[in-house]
Amino acid sequence: MSKAPFGRRLLQVAGMDELGAYRVLRVADPDAPEPGPGQFAMLATADRWGGGEEERPYLARAFSIARFTDGEAHYLLEDVGPGTRRLCELRAGDGLWVLGPLGKGFTVGGRDLDQRRALLVGGGVGIAPLAILKDTLAREGVSAQALLGFRDGTRAVGAALLHGARVSTDDGSVGSDGLVTDLLAAELDGDAHAIVYACGPAPMLEAVRALCATRDVPAQLALEAGMACGFGACYGCVVPRRGGGYLRVCVDGPVIDAAELERIDAHAGAPA
């Protein structure tokens, strides 16, 4: 786990790139520790945050770190509400408050990777942490097959973040017609000797968890819950743990071993 510098930092936006229905926010962060794949940051704009539409948003938003290259952090955005809308309006030179990297990311070492294929399964903006994970695995000499699902063709443009990905869309406009878990099931039916890394909406993650459980395939799942702080103080992001008790997504996760979860409820998904 990379440790974030104490307190949030006021950084400068390096640019904003269009990627179909998504945006890639690039932030100059040369003094940040190298983030691990699956870690996240809490983001809030320096200006016009806490005002405007119904005086929202108030709290910083949690976003997975999609890439970190040459001191520049990348975040994948989709305009789905007042917080993401304000972030999507940022342009080069604007100020951004950042707290991170935070949380526990994907584990990429050990015997599992020596003996199993790596399958990266993502849905929607949940593809973000899989991009930095694929980069990390490549540096370790591990090839990984990405399986990505999107609602439609405009969003499927986001697959460009992960070279060589297989794609499915709900409307069949790009790639396979159907769910990304259909692609995963076919992969596991052909050869269940795999390890799965997944991030996406809660129904997708629950389907991934169930598929892997029935085939005895290890899986690491990146979850989300409502976060007010990002570092374990508020207990607003707890999820039930198999056998009793709770896990705080922000510090015990967001990446949690699937074996620790009984099931994934509807309020969990990818940091966004």
Should [X] and [Y] count as side-chain neighbours, where that means a heavy-atom distance under 4.5 Å?
| X | Y | value |
| --- | --- | --- |
| F231 | L99 | yes |
| Y75 | I65 | yes |
| D31 | R9 | no |
| P129 | F40 | no |
| R48 | R86 | yes |
| D152 | T169 | no |
| V196 | V121 | yes |
| L188 | L119 | yes |

Applying the 4.5 Å side-chain criterion to the ILVMFWY set and letting contacts propagate, would [X] and [Y] be lumped into a single cluster?
| X | Y | result |
| --- | --- | --- |
| V157 | L130 | yes |
| L179 | V217 | no |
| L43 | W97 | no |

[X] side chain to [Y] main-chain N or O, any donor-acceptor pair under 3.5 Å?
| X | Y | result |
| --- | --- | --- |
| R61 | L59 | yes |
| S173 | G153 | yes |
| R117 | D191 | yes |
| D182 | A185 | no |
| Q220 | T107 | yes |
| S168 | V180 | yes |
| S64 | A66 | no |

D135: which residues meet the salt bridge (Lys or Arg N to Asp or Glu O under 4.0 Å) condition with it, sequence neighbours left out? R67
Among all residues two or more places apart in sequence or in another chain, which pass the salt bridge (Lys or Arg N to Asp or Glu O under 4.0 Å) test with R151?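 None.
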Gap between atom [atom2] of [Y] and atom [atom1] of [X] - 0.5 Å precision:
| X | Y | atom1 | atom2 | result |
| --- | --- | --- | --- | --- |
| S143 | K134 | OG | NZ | 8.0 Å |
| R155 | I127 | CZ | CD1 | 12.0 Å |
| L247 | D252 | CG | CG | 5.0 Å |
| D189 | R215 | CG | CZ | 4.5 Å |
| R26 | E72 | CZ | CD | 5.0 Å |
| Q145 | L184 | CD | CG | 11.0 Å |

Heavy-atom closest contact ([X] atom, [Y] atom, distance):
| X | Y | value |
| --- | --- | --- |
| R242 | L261 | NH2-O, 3.1 Å |
| A28 | P30 | C-CD, 3.5 Å |
| L205 | G200 | CD1-O, 3.4 Å |
| L102 | G230 | CD1-O, 3.5 Å |
| V167 | A159 | CG2-CB, 3.6 Å |
| L162 | A146 | CD2-CB, 3.8 Å |

Quick one, E18 with R23, criterion side-chain contact (heavy atoms from CB on, under 4.5 Å). Give me CA distance, side-chain angles, the key distance, then yes/no. CA-CA 5 Å; E18 293 190 11; R23 301 291 182 270; 3.8 Å; yes
Quick one: list whatever passes ring-ring contact (aromatic ring centres under 6.0 Å, His included) with Y197, sequence neighbours left out.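 Residues passing ring-ring contact (aromatic ring centres under 6.0 Å, His included) with Y197: F106.
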Taken in chain and number order and not counting sequence neighbours, the residues that satisfy ring-ring contact (aromatic ring centres under 6.0 Å, His included) with F150 are none
Do any pairs count as a side-chain hydrogen bond (donor to acceptor under 3.5 Å, both in side chains) and have a residue in residues 199-208, sequence neighbours left out, and if so which ones? E206-R209
As a quick check of understanding, evaluate side-chain contact (heavy atoms from CB on, under 4.5 Å) for T45 and D94, giving each step before the final call. CA-CA 8 Å; T45 62; D94 289 344; over 6 Å; no
Dump the intermediate steps for side-chain contact (heavy atoms from CB on, under 4.5 Å) on T84 and E78, then the final yes or no. CA-CA 6 Å; T84 49; E78 183 180 12; over 6 Å; no
Test log, rule side-chain contact (heavy atoms from CB on, under 4.5 Å), inputs F63 and L25: CA-CA 11 Å; F63 283 87; L25 171 62; over 6 Å; no
Contacts of R241 that satisfy side-chain hydrogen bond (donor to acceptor under 3.5 Å, both in side chains) - sequence neighbours left out: E260
